[in-house]
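Only one structure is covered here, and it is reproduced in the block below.
A, B, ... follow the sequence lines: proteins, then strands. Residue 1 opens every chain.
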Amino acid sequence: MSQPPSTNEVGGSGASTPPNGGVRPIVDSRSIGKSFGALTALAPLDFTVGPGERVALAGPSGSGKTTLLYILAGLLQPDRGELFLDSQAVSRLRPGKELSEIVGLIQQQLDLVPQLPVVQNVLAGRLGQWGLLRSLASLVSAREREMAYNALSRLGIADKIDERTSRLSGGEQQRVAIARLMLQAPQIILADEPVSSLDPARADEILALLTDLVEDSKGAVIASLHDPELIKKYFSRVIGLREGVLQFDIPPQQLTAPVLAALYGFDRDFPNNSAL
Amino acid sequence: MIWIEPPRPRPVSRFFETRRLLSLILVAALVWSVASVDWTGGIVHSGGGNALKDFFLALFPPDLSPGFLKLALAASWQTVVHAVAGITLALIIGLPLGVLASGSLGNPGRSRLAVAATVRFVLAFMRSIHELVWAVLFVTAFGLSSLVVVLAIAIPYAGILGRIYSELLNDVPQEPLDGLRSSGASPAKVLLYGRLPMALPEMLSYGFYRFECGIRAAAIMSFVGIRGLGYEIQLSLNDLLFSQVWTLLLFLVALVLLVDYWSTRVRRSLGS
């Protein structure tokens, strides 16, 4: 371990003061960019996110949202620029324990292992902390089962704890993924289209749960989604991406029909729920 | 610091050429073999037709005398024991080698690729020699012992299982693996919590298929002189006791059907 691990308790590390006297950003992207062959997935991008912020990423498919989230999650290395999370260069953080304490990713249901029982998928949130032997033993007989149970009961699906994950509905699976994040307890929660496959009521619930996790913790949430109403309801800021280039970075109140039409390339006015 | 698999470029054009060359060789071999048949003399030699008729008529009925059934049962049991031991050993060797050959352990880098390539070579060597050849080799070393059959099955089957398992472990959906990585899982933990559970149903299914093949192989291999179904078949054949041969063959079919039934039950209980 080359660096002292940051504290596991989210929000417990706010003691150090930033050099400029302002609020120290929790995400600091300095010109990060990424290309796949000739395709520029992400043009050099500068932005910061402060603690407590809830940032929505909007933009059409292929606009670089997923690429950006994967870079922020440390799963993809940017070609250029440098990314600082909690004031530490990501390239110097050890993957595994250190990185997983700072940042966690949730995808549209796809991040669960369908064949495992729910409890194992939730406990996977502890893999960054557990050693290999403990991880192996837990597959045979679940360790820290109470933690998984508590998280699942907070989400209202404690009765599913021993079900095979593939038997759960989409909304239930998304809760399992959130339960995993609760056990991982990262400071920054990244969500890649977390509600795109859910009905409106389920989508509302899931976003409430996700953004609640941040209010608990002074961390930050960055989520890609399309629905302007949900963005206005749950987020404090919205970043627009198109073809890998930042289009706007505004409060959700300014997300008007013409702004959206320009972002998504509509000719007509943007109907409120068409993105669902 | 990244555990994402780098995209593996495939030499498409060269691969295609190699394949075309292989196809040509195979077609040439087929043409040559058909051309080399001596059509003028007939395919079945004189008296062959009668022998075939005798053989098939002996099926009605096969030898069902209690004494011979007991012998067939004992031979079947011997064959099953050989197959179970062989396939078990093949799994014990093949699974870890398959994991290494998949390159899913350890951080990306030259050393991981070198290990994977070396293991793949070893697996190819093990499976490129047929189990009967291994059996003949081992008989010279160990004599007529059960160990010969067990090892002769275990080695090539470990090569096949390792090869197939390495591919199954790599061909799982990537998103759940990314999910585990973002939870801080190392490659070994991604293997335990992601690759293995997702690949397990197919790995099991293929293992059962190989077990089935193992039973046939164990039966045939006792032709070299080790007790088992093949040994008894050979003895009965030498004495032209076709109804006994049929009894033994029916036992072999029953064994394969039993394994098939068992594997269906296990797969159903896994819900796949």
Side-chain angles (χ1 to χ4, degrees), chain A residues 36-37 69-77 89-117 120-132 134-136 138-139 164-167 177 180-181 183-184 186 190 192, chain B residues 1-10 12 95-96 99-100 104-109 112 165 168-207 266-272:
Chain A
F36 297 105
L69 288 170
Y70 263 60
I71 292 175
L72 293 176
L75 290 171
L76 199 61
Q77 205 148 25
V90 170
S91 50
R92 295 227 203 91
L93 284 174
R94 282 161 53 102
K97 189 171 188 293
E98 286 183 352
L99 193 61
S100 69
E101 283 167 353
I102 298 179
V103 65
L105 171 72
I106 183 169
Q107 301 166 79
Q108 38 175 335
Q109 294 163 37
L110 297 168
D111 39 9
L112 301 176
V113 180
Q115 288 83 358
L116 286 180
Q120 299 292 358
N121 264 312
V122 176
L123 288 173
R126 301 285 296 152
L127 288 177
Q129 305 298 319
W130 286 353
L132 186 57
R134 194 177 179 81
S135 308
L136 183 61
S138 181
L139 271 181
R164 192 182 149 103
T165 306
S166 57
R167 299 221 173 89
R180 179 194 278 181
L181 267 187
L183 262 66
Q184 185 184 343
L190 308 169
D192 191 8
Chain B
M1 55 152 290
I2 304 298
W3 283 325
I4 266 195
E5 299 289 327
R8 278 172 295 181
R10 294 189 178 231
V12 180
L95 183 60
V99 168
L100 288 177
S104 55
L105 275 188
N107 291 321
R112 190 176 78 169
Y165 284 179
L168 290 177
L169 287 172
N170 272 331
D171 289 349
V172 295
Q174 294 299 304
E175 292 88 352
L177 306 184
D178 286 340
L180 292 168
R181 291 182 186 112
S182 82
S183 300
S186 62
K189 294 175 201 165
V190 170
L191 177 76
L192 285 176
Y193 278 76
R195 292 182 194 276
L196 275 174
M198 286 195 282
L200 194 62
E202 284 199 67
M203 289 170 68
L204 212 64
S205 172
Y206 192 77
V266 170
R267 269 180 287 166
R268 200 167 294 159
S269 76
L270 275 175
S272 64

Can you tell me how far apart [atom1] ([X]) and [atom2] ([Y]) are? Round to the nearest 0.5 Å.
X: B/S182; Y: A/L99; atom1: OG; atom2: CG; value: 9.0 Å
X: B/L192; Y: A/S138; atom1: CG; atom2: OG; value: 10.5 Å
X: A/K97; Y: B/S186; atom1: NZ; atom2: OG; value: 14.0 Å
X: B/K189; Y: A/R126; atom1: NZ; atom2: CZ; value: 10.5 Å
X: A/R180; Y: B/L180; atom1: CZ; atom2: CG; value: 5.0 Å
X: B/M198; Y: A/L116; atom1: CE; atom2: CG; value: 8.5 Å

Options A/N121, A/L132, A/L105, A/L139, ranked by heavy-atom pairs under 4.5 Å with chain B, top entry:
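Heavy-atom pairs under 4.5 Å are most numerous for A/L139.
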
Which bit of A/L136 is near chain B, if near means a heavy-atom gap under 4.5 Å: side chain, backbone, both or neither?
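Answer is both: backbone and side chain atoms of A/L136 are under 4.5 Å from chain B.
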
Heavy-atom distances under 4.5 Å only: say whether A/S166 touches chain B with side chain, backbone, both or neither.
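No part of A/S166 comes within 4.5 Å of chain B.
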
Under 3.5 Å donor-acceptor, A/Q107 side chain and B/E175 backbone
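Yes.
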
Minimum heavy-atom separation for A/A124 to B/S183, with atom names?
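Looking at all heavy atoms of both residues, the closest pair is O-CB, 3.4 Å.
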
Heavy-atom side-chain contact between B/L200 and A/Q115 under 4.5 Å:
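No, every pair of side-chain atoms sits at 4.5 Å or beyond.
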
Residue pair B/Y193 / A/V113, side-chain heavy-atom distance below 4.5 Å:
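Side chain of B/Y193 against side chain of A/V113, heavy atoms only: no contact under 4.5 Å found.
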
Selection from B/G194, B/G179, B/A188 maximising heavy-atom pairs under 4.5 Å formed with chain A:
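Looking at each option in turn, the highest pair count goes to B/G179.
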
